[in-house]
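This report concerns only the one structure given below.
All figures in this text were calculated on a predicted structure; none of them were measured in a lab. Ligands are counted one by one from 1 in listed order, and the atoms in each one are counted from 1 as well. In this chain, residues are counted from 1 in sequence order.
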Amino acid sequence: MPSVFTKIINGEIPSYKIAEDDNFFAFLDINPNAIGHTLCVPKKEVDKIFDLDATTYAGLMEFSRKVALALEKAVKCKRVGIAVVGLEVPHVHIHLIPLNKMSEITFQHKVQLSREEFEQIAESIRKEL
Ligand code: AMP
């Protein structure tokens with residue numbers, strides 16, 4: 001069965017899309033640790049990041065770097081943190097989290113946003129790409 005992220009990539013589930021190319025897709029995390037929390041996903045559905053082939057792994061890092069630079073311009077933060085977990089969704093994804101305090105990288109710090117706020121944030125990040 002396709003992962004929830006494959007369904008997002010295929011447009012079967014809605015998302016607040018940030019960026020896409022032939023191999024990768026970025027969208028806002030629906031349960032963010034901080035405003036602007038973004039996920040970068042390879043279209044190829046692989047569970048664990050270190051099982052990716054070397055080309056996809058390097059491509060995911062470069063795609064994530066571009067998204068992170070836009071995120072840093074769009075969202076006020078001290079820096080963009082990066083995390084890889086995968087305990088909830090078994091489809092490789094890099095969490096990009098704008099950080100102002102250590103608790104925001106812990107996944108216990110969550111912010112509630114309205115649909116309008118998600119849309120505004122996504123638009124402001126896209127403008128910086
Ligand atoms: P993990 O697999 O532990 O790295 O966590 C998966 C992340 O995906 C969590 O931060 C979820 O909030 C996020 N997530 C799950 N479903 C969706 C969705 N439909 N749209 C956006 N983010 C999602």
- Message: Looking at Thr38, is its backbone amide N or carbonyl O close enough to the side chain of His93 to form a donor-acceptor pair, meaning the two atoms are under 3.5 Å apart?
- Response: no
- Is His37 reaching over with its side chain to a backbone N or O of Ile97, donor-acceptor style, under 3.5 angstrom? no
Are [X] and [Y] side-chain neighbours, meaning at least one heavy-atom pair lies under 4.5 Å?
X: Lys110; Y: Asn33; value: yes
X: Asn23; Y: Thr56; value: no
X: Cys77; Y: Asn100; value: yes

- Protein residues near ligand 1, heavy-atom distance below 4.0 Å? Val4, Phe5, Ile8, Phe27, Leu28, Asp29, Ile30, Asn31, Leu39, Val85, Gly86, Leu87, Glu88, Val89, His93, His95
- May I ask you to check whether over 12 heavy atoms, not counting those of Glu62, lie within 6.0 Å of atom CD? yes
